[in-house]
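Here is the naming used below: chain letters follow the sequence lines, and residue numbers restart at 1 for every chain.
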Amino acid sequence: MPRLTEYLLPTEREAPADAEAISHRLLVRAGLIRQVGAGLWTWLPAGWRTHQRIVQVIREEMDAIGAMEMLMPILQPAELWRRSGRYDGFGGELFKLRDRKDTDMVLAPTSEEVITTHAATLIRSYRDLPRVLYHFQTKERDEPRPRAAVLRSREFVMKDSYSFDRDRDGLDVSYERHARAYDRILDRCGLEWYSVEADVGAMGGFGAHEYMAPCPAGENDVVLAPGYAANLEVAAAAPQPVELPSALAAPEQVDTPGMTTIAQVAQALGLPEGALLKAYPVVLPDESLALVMLRGDHRVNDIKLGLALGSPFRQASAEEIERRLGPPGSIGPVGAQTRIILDDAVVAGAGAYVVGANRPDCHLRGVVPGRDFAFERGDVREVVAGDTVSGHRVRIERAIEVGNIFKLGTRYSDVLGASYLDQAGAARPVWMGCYGIGPARIAAAAIEQFADERGISWPRAISPFAVHLVTLGKDGSEERELAERVYDELVSAGVDTLYDDRDAGPGEKFADAELLGCPLRVTIGRRTLQSGEIEVQVRRGQEARALPLEGAAAAIAELWHHAA
RNA sequence: CGGGGCGUGGCGCAGCCUGGUAGCGCGCUCGCUUUGGGAGCGAGAGGUCCCGGGUUCAAAUCCCGGCGCCCCGACCA
């Protein structure tokens, strides 16, 4: 157990000028990490202690569901990635390099290719299934924009596990087990968290959940209602109603000189923005145009739109819009010779909308979908706060994604030849799932969620130390002797203790202790000698208690185990 | 990839516009004092001013090119 005079804990009074996120500022200030380059960070000793505590929690819960720890290399042959289609399909985030024999290699951002290749030769019979394998390994991703220190870095440790099952039902079981293990991991790490429905991504799949830790520095938006939680990327909800003007016998042209935005037109006509329809023109892979129509107060969700279209798409350029429909700013569905997707939030028949007229400076009102233009339906809009799920209004909040679980199916086993013989002797593809969780993000999320103006406040399970022992006495003083004794007792009692034995003033020591954020701070000074009591401060809430000097170490150990 | 900003001792910054050979606070070292909320006095150490080129008698400062880092957006198995 370290004495601060012999330990590397370079605390700083001021955060780096360019650090914005709380976790970034505090990780650096508390002496837990240092930067090496963009998205590249060194974990210093105390920081690594926290990281390793999180790793151990994850390890215990993975082992508890029968998963087997192993280790696969970071440096991998490009050939495997070519076979899976991800050598080019992964995008610019994949680090590519050559070895001395000029063989193409990659630095692995994840390990489906390698694990599936092993499965192809090591798993032969239905008797070999199910299996769950995992490792903690450094991941390499050439992120376009690393940010907020360890929140999004280019190199980080991730636990990734892979399940192998005989069939879809087996995968469901493995998936569910992982979900429960992740629940326990995040509970034990002391985070506020929830799991949300997630996008299955471009690689396909049969289901996915993300584990989210709410905090403002997060990069994801989560839609929440009682009994409902989903990533904004895939969330669906009932729209807030909008009062529509009644239909006209036929669409009627209105002049809207110079008005090219929903807000301008709505205001000029005295209508709510939701009574207008905005058009979002997209180009499909065959170069055909499709017009997505949704309420003026709503926005397109590109992921949901992609799912609804069933194909990739891109936004039409201004030039394409001009040439094939009309002037951007007043395009609309009436008379348009394109496929039209009408968002589910748009009602058909109960009123009329205002749409672009495909002519400059005018719109059409009294337009009734179905009567005035044909359409296909689709839920393609982004949920907004105030929409409802099962009658409950949703709210949207920011969160850090700390883990995810994903039903892969046979996408990798098919292309990498991972099959087994069933009881009838027939070859069948192995059904796979993959499951990731990031210790660094858990640490950062814990800081974000519990820090106060004085610094970090670690959840007990992941604090670098249980007790931060502060001695105020000068070397050789009576109170220093006492502190030394209590320190020895704490160490003997098995309490992880950081002992601040520096010859520094009390203000500096207290400030450093609160910055580092261990759950308990124990102070021994002259007062202790006078009162015969040791002061213990609980970091969360700064509650102070006094413990009798006699048997103090045991009482502190007790406090740590039960009350902290 | 688009937009914005910043590179000067370990950290935070000034100096740059108007060229004259680098300064402040904190930290660090030594001494003395101080010791329950970042204490005081004194003496010190420490800098290729991001890199390269150019202009000039002279460049941290002006010009050109490059590199690095941060923030916002796009992207993100």
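- Salt bridge annotation for A:Arg154-A:Glu140: absent, with no cationic side-chain nitrogen under 4.0 angstrom from a carboxylate oxygen.
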Between side-chain atoms of residues 304-312 of chain A and protein atoms elsewhere (two or more places apart, or another chain), which donor-acceptor pairs fall under 3.5 Å?
| unit_1 | atom_1 | unit_2 | atom_2 | d |
| --- | --- | --- | --- | --- |
| A:Lys304 | NZ | A:Ala235 | O | 2.7 |
| A:Lys304 | NZ | A:Asp379 | OD1 | 3.0 |
| A:Lys304 | NZ | A:Asp379 | OD2 | 3.2 |
| A:Lys304 | NZ | A:Arg381 | O | 2.9 |

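- A:Glu143 comes within 4.0 angstrom of nothing in the nucleic acid, heavy atoms only.
- Nucleotides B:rG47 and B:rG23 are separated by 13 Å at their P atoms, to the nearest Å.
- Among the nucleotides B:rC70, B:rG38, B:rC76, the one closest to the side chain of A:Arg152 is B:rC76.
- Comparing B:rA58 with B:rC1, their P atoms sit 39 Å apart, to the nearest whole Å.
- Using a 4.0 Å cut-off between charged nitrogen and carboxylate oxygen, A:Arg527 and A:Glu533 do not count as a salt-bridge pair.
- Picking from B:rG10, B:rC75, B:rC69 the nucleotide with the shortest atom distance to the side chain of A:Glu12 gives B:rG10.
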Between N or O atoms, less than 3.5 Å apart, protein on one side and nucleotides 31-35 of chain B on the other: list the pairs.
| unit_1 | atom_1 | unit_2 | atom_2 | d |
| --- | --- | --- | --- | --- |
| B:rU35 | O4 | A:Asp503 | OD1 | 3.4 |

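- In this structure, the side chains of A:Gln315 and A:Pro281 stay at 4.5 Å or more apart for every pair of heavy atoms.
- Annotation: B:rG5 and B:rC63 have their P atoms spaced 16 Å apart (nearest Å).
- Taking atom CZ of A:Arg147 as the reference point, atom C1' of B:rA74 lies 14 Å away to the nearest angstrom.
- For A:Arg145 and B:rC76, the shortest distance from a side-chain N or O to OP1 or OP2 is not below 4.0 Å.
- A:Arg480 comes within 4.0 angstrom of nothing in the nucleic acid, heavy atoms only.
- At a threshold of 4.0 angstrom between heavy atoms, the contacts of A:Ala148 are confined to the sugar-phosphate backbone, with no base atom among them.
- For B:rG36, the OP1/OP2 oxygens have no side-chain nitrogen or oxygen of A:Gln530 closer than 4.0 Å.
- Among the atoms of the strands shown, none is found under 4.0 Å from any heavy atom of A:Pro109.
- Using a 4.0 Å cut-off between a side-chain N of Lys or Arg and a carboxylate O of Asp or Glu, A:Arg502 and A:Glu6 do not qualify as a salt bridge.
- Separating the CD atom of A:Glu508 from the P atom of B:rG38 is a distance of 10 Å, rounded to the nearest angstrom.
- Of all nucleotides present, none satisfies the Watson-Crick or G-U wobble test against B:rG46 with each distance under 3.5 Å.
- The side chain of A:Glu20 approaches B:rC71 more closely than any other nucleotide in the set B:rA77, B:rC71, B:rG36.
- Residue contacts shown for A:Gly37 are limited to sugar-phosphate atoms, with no base heavy atom under 4.0 Å away.
- In summary, A:Glu514 and A:Arg521 engage in a salt bridge, as defined by a charged side-chain N under 4.0 Å from a carboxylate O.
- Residue A:Arg154 is classed as having no contact, given no heavy-atom separation below 4.0 Å to the nucleic acid.
- Across B:rG12, B:rG38, B:rC70, the shortest atom-to-atom separation from the side chain of A:Arg13 is found for B:rG38.
- Going from the P atom of B:rC64 to that of B:rU18 covers 15 Å, rounded to whole Å.
- Atoms CZ (A:Arg299) and P (B:rG73) sit 12 Å apart, rounded to a whole Å.
- Minimum atom distance to the side chain of A:His24 is reached by B:rC71, of the listed B:rA77, B:rA74, B:rC71.
- A:Pro16 comes within 4.0 angstrom of the backbone, heavy atoms only, and of no base.
- Nucleotides B:rC17 and B:rC76 are separated by 46 Å at their P atoms, to the nearest Å.
- For B:rG31, the paired base is B:rC41 (Watson-Crick or G-U wobble, both distances below 3.5 Å).
- What separates CG of A:Asp142 from C1' of B:rC1 is a distance of 13 Å, to the nearest Å.
- Looking at A:Asp104 and A:Arg82, a side-chain N of the basic residue comes within less than 4.0 Å of a carboxylate O on the acidic one, giving a salt bridge.
- For A:Glu14, the listed nucleotide lying nearest its side chain is B:rG25; candidates were B:rG25, B:rC69, B:rC75.
- Base pairing annotation: B:rG65 forms a Watson-Crick or G-U wobble pair with B:rC51, both donor-acceptor distances under 3.5 Å.
- Residues satisfying the salt bridge (charged side-chain N to carboxylate O under 4.0 Å, His left out) criterion with A:Lys159, sequence neighbours excluded, are absent altogether.
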